[in-house]
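What follows is one structure encoded as structure tokens, with my remarks underneath.
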Number of protein chains: 2
Amino acid sequence: MKEEKILLSHGSGGRLSHDLIKKLFLPNFVNDKLSKLDDGAILKTPGTKLAYSTDSYTVDPLFFPGGNIGLLAVYGTVNDLAMCGAKPLYLSCSLIIEEGFPLSDLEEIVLSMKKACSIARVDIVTGDTKVVNRGNADKIFINTSGIGVVKRGVNTSGSNAQVGDLIILNGPIGNHGIAILSAREGLNFETTIQSDLAPLNGLVNEILKYSSDIHVLRDPTRGGLATTLNEIAQSSRVEVEIEEEKIPLEEEVRAACELLGYDPLYLANEGKLVTFVSPHVAPILLEEMRKNEYGINSKIIGKVVKKSEGLVYLRTSIGGKRVVDMLTGEQLPRIC
Amino acid sequence: MKEEKILLSHGSGGRLSHDLIKKLFLPNFVNDKLSKLDDGAILKTPGTKLAYSTDSYTVDPLFFPGGNIGLLAVYGTVNDLAMCGAKPLYLSCSLIIEEGFPLSDLEEIVLSMKKACSIARVDIVTGDTKVVNRGNADKIFINTSGIGVVKRGVNTSGSNAQVGDLIILNGPIGNHGIAILSAREGLNFETTIQSDLAPLNGLVNEILKYSSDIHVLRDPTRGGLATTLNEIAQSSRVEVEIEEEKIPLEEEVRAACELLGYDPLYLANEGKLVTFVSPHVAPILLEEMRKNEYGINSKIIGKVVKKSEGLVYLRTSIGGKRVVDMLTGEQLPRIC
């Protein structure tokens, strides 16, 4: 490790995050569950297979168009469990609060978490609260972990993409990233761009009817679609090709990206998933997904072309083809 | 809720922590698992009973006599699972790191966690890393959650104390609290007081041979022995009586408490447990516990006297008797 200090990019979900994981965490916390680097671990317990995941939420601002840190802390972990092909059941909730934080804000966050748990049908069953001196944390950080039961026959993993698989995305990308950015910087666009924050376990439940043909399920959060596809391509050792014009993007998000110089492929999402599926089930799955409120705008955005060391190509709308790399550097700290 | 701001005492583990739990968290996150207020939740899954717990560690300083935040994050959650009568198996690990944190310190922490996992025989199977801007957090906070399998026949709970039960404590109290305090304030005592930080799952495993007679298992961490006994007395609706002269206390800790005006009953411990057991097994258990390296100084410190609304009395060494209340206010923020 040549860098001597932790940089913001170490938390970006991109290249430096992966370096940290591969050079420091994996060699020390060595076990077959962690090394898969999926959104959660799969645990075999007597009688059942469990999915287990954790995330700490440090989003700034706490309240943003389309959500708040409480909703994010519930849906974020629910989605990670869903991406393991699991039915999320139980969450833990651990708060780190800065001394002086308004109780009314805490109440609003807790009420949001209550609502989110009810919608996603999970229970917060254990928790912890720490308060640190003023200036030792910024307002509030929330960790949730979660446990879900993996459905029978499910065998999805980022390392399970097959040559020939079609890639389905459930809707437009970049909304969460731009929503946070605009809330933080006080930017005014013509319309307010809302975060896409949503629980995806219902949508996943629908598509897992076809579980034997679903090879990968992932939510492109930090680091965006580009980083997630790179992770999958590398884990599965395949070459992925996506088509620019097929990737759903709201007009306002496109405009904001042009204005601010962001590439939507690297913007965080909180209600999106990509799934790699056998080509013959793709049309049926697409139809099923479009029936769900969080899948109405689902599209096939690309395919797995061949075996390789793990590369992602983008066919641009003007007919070119370029490599899409993992996020390097940090686009927006504290995006989730 | 009359207070308008979060106070340090809301994170003390004492009175205000309980108020927050009872007024805000329990009414909103309502379910039978959370409402037991034990160190973890007990989950019935097909084929097995699981224990599930979480804690965020914000200890300051990160490195202290007898341990560091990495060891604490592993052993703390291992102990919470053990207190559920479970064999700890899997941990999650989520880091919130301040930009600029030295990578060498992170490496040292990770190596400590590796060592702790090996000693406690658990695996870190899933994780997350967030980096926040300089000044938005103080160095590093670590959340771990954990899953364990509850042994057959185990039915311990803070609400399960029985009239007649004897109370066993596994060794001297207050070391962790004084160790942190002295490290933080740069105090020099005649000898260095070490934290009692230790994994207790091995010791618990030994005593669970007698599980049908073990009614309560708890580790007196934040808020100290006094707060833990009050929690148990209230949950079980019993009156507890402990004897001052029976409570093990190292001479240096006693001296430091006198010097600094602390009551050891309220100081945090990280390698202590109290267990409430049927009187007829107490002598055998005591013998078993003393064979374990973390139970050599085990003692019977008191008993459950009668049914009541939940009170704890201390018989002092000069023959008096006084009520021992839950911790009010905050003794030492960021103790764990």
Side-chain angles (χ1 to χ4, degrees), chain A residues 1 3-8 10-11 17 20 24-25 28-29 31 33-34 40-41 43 45-48 50 52-56 58 90 92 94 96-97 99-103 106-107 110-111 113-114 117 123-133 136-138 141 143 145 147 149 333-334, chain B residues 1 3-8 10-11 17 20 24-25 28-29 31 33-34 40-41 43 45-48 50 52-56 58 90 92 94 96-97 99-103 106-107 110-111 113-114 117 123-133 136-138 141 143 145 147 149 333-334:
Chain A
M1 251 173 236
E3 316 85 357
E4 290 186 297
K5 304 275 186 189
I6 287 287
L7 309 172
L8 283 172
H10 281 112
S17 298
L20 200 60
L24 185 57
F25 300 139
N28 286 302
F29 305 148
N31 60 76
K33 292 147 200 98
L34 187 66
L43 312 174
T45 60
T48 189
L50 299 177
Y52 183 30
S53 188
T54 186
D55 254 318
S56 285
T58 62
Y90 304 114
S92 70
S94 181
I96 297 173
I97 313 177
E99 178 190 11
F101 186 69
L103 260 174
L106 182 61
E107 275 190 284
V110 166
L111 287 173
M113 295 185 81
K114 173 189 180 176
C117 283
D123 279 328
I124 291 173
V125 294
T126 189
D128 175 49
T129 304
K130 294 291 189 321
V131 181
V132 300
N133 312 65
N136 283 181
D138 186 28
F141 302 141
N143 174 280
S145 73
I147 299 176
V149 171
R334 299 185 61 188
Chain B
M1 258 178 226
E3 316 86 358
E4 291 186 297
K5 303 275 185 191
I6 287 287
L7 310 173
L8 283 172
H10 281 113
S17 297
L20 200 62
L24 184 59
F25 300 139
N28 287 302
F29 305 147
N31 60 74
K33 291 147 201 97
L34 188 66
L43 312 174
T45 60
T48 190
L50 299 176
Y52 184 30
S53 187
T54 186
D55 253 318
S56 285
T58 62
Y90 304 113
S92 69
S94 182
I96 298 174
I97 313 177
E99 179 190 12
F101 185 69
L103 260 175
L106 181 60
E107 277 191 280
V110 166
L111 288 174
M113 296 184 81
K114 174 190 180 177
C117 283
D123 279 328
I124 291 173
V125 295
T126 189
D128 175 49
T129 304
K130 294 291 189 321
V131 180
V132 299
N133 312 64
N136 283 181
D138 186 28
F141 302 141
N143 175 279
S145 74
I147 298 177
V149 171
R334 300 185 59 189

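We name chains A, B, ... by the order of the sequence lines, and we start the count at 1 in each one. Scope of the values below: all heavy atoms of this structure, side chains included, with no hydrogens, waters or symmetry mates.
Counting heavy-atom pairs closer than 4.5 Å to chain B, the top-ranked of the candidates A:Val149, A:Leu111, A:Leu50, A:Ile6 is A:Ile6. Annotation: maximal heavy-atom pairing with chain B below 4.5 Å, among A:Asp138, A:Val125, A:Asn143, occurs at A:Val125. The most heavy-atom pairs under 4.5 Å with chain A, out of B:Cys117, B:Ser94, B:Pro333, B:Gly127, come from B:Ser94. In terms of heavy-atom pairs under 4.5 angstrom with chain B, the leader among A:Ala41, A:Pro46, A:Pro102 is A:Pro46. Most heavy-atom pairs under 4.5 Å with chain B, from the set A:Ile97, A:Thr45, A:Val110: that is A:Val110. Interface summary for chain B: among A:Ile96, A:Asp123, A:Leu8, the most heavy-atom pairs under 4.5 angstrom belong to A:Leu8. Put simply, of B:Ser56, B:Ala137, B:Ser53, the one with the most heavy-atom pairs under 4.5 Å next to chain A is B:Ser56.
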(request) Please lay out, stage by stage, how A:Thr54 and B:Thr54 fare under the test side chain to side chain contact (heavy atoms under 4.5 Å, CB included). (result) CA-CA 10 Å; A:Thr54 186; B:Thr54 186; over 6 Å; no
(request) Start with the C-alpha distance between A:Lys130 and B:Phe141, add both sets of side-chain angles, then the distance that settles side chain to side chain contact (heavy atoms under 4.5 Å, CB included), and finish with yes or no. (result) CA-CA 11 Å; A:Lys130 294 291 189 321; B:Phe141 302 141; over 6 Å; no
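Both the backbone and the side chain of B:Asn136 come within contact range of chain A, each with at least one heavy atom under 4.5 Å from a heavy atom of that chain. The parts of A:Asn133 that come within reach of chain B are both its backbone and its side chain, each placing non-hydrogen atoms under 4.5 angstrom from that chain. When heavy atoms are compared at a cutoff of 4.5 Å, A:Ile124 approaches chain B by way of both its backbone and its side chain. For A:Ser17, no part lies near chain B; criterion is any non-hydrogen pair under 4.5 Å. Both the backbone and the side chain of A:Asn28 have a heavy atom closer than 4.5 Å to some heavy atom of chain B.
One distance of note links CD1 of B:Ile147 with OG of A:Ser145; it measures 7.5 Å at 0.5 Å rounding. In this structure, B:Lys5 NZ and A:Leu103 CG are separated by 9.5 Å, a value rounded to the nearest 0.5 Å. Considering OH of B:Tyr52 and OG of A:Ser92, their distance stands at 3.5 Å, rounded to 0.5 Å.
Looking at A:Leu34, A:Asn31, A:Leu43 one by one, the single match for side-chain contact (heavy atoms from CB on, under 4.5 Å) with B:Tyr90 turns out to be A:Leu43.
Shown here for B:Leu24 and A:Glu107, the closest heavy-atom pair between the two residues is CD1-CG, 3.6 Å. When all heavy atoms of A:Thr129 and B:His10 are compared, the pair lying nearest together is CG2-O, 4.5 Å.
With contacts defined as side-chain heavy-atom distances shorter than 4.5 Å, the pair A:Lys33/B:Thr126 does not qualify.
Remark: the backbone N or O of A:Asp128 is not paired with any side-chain donor or acceptor of B:Asp55 at under 3.5 angstrom.
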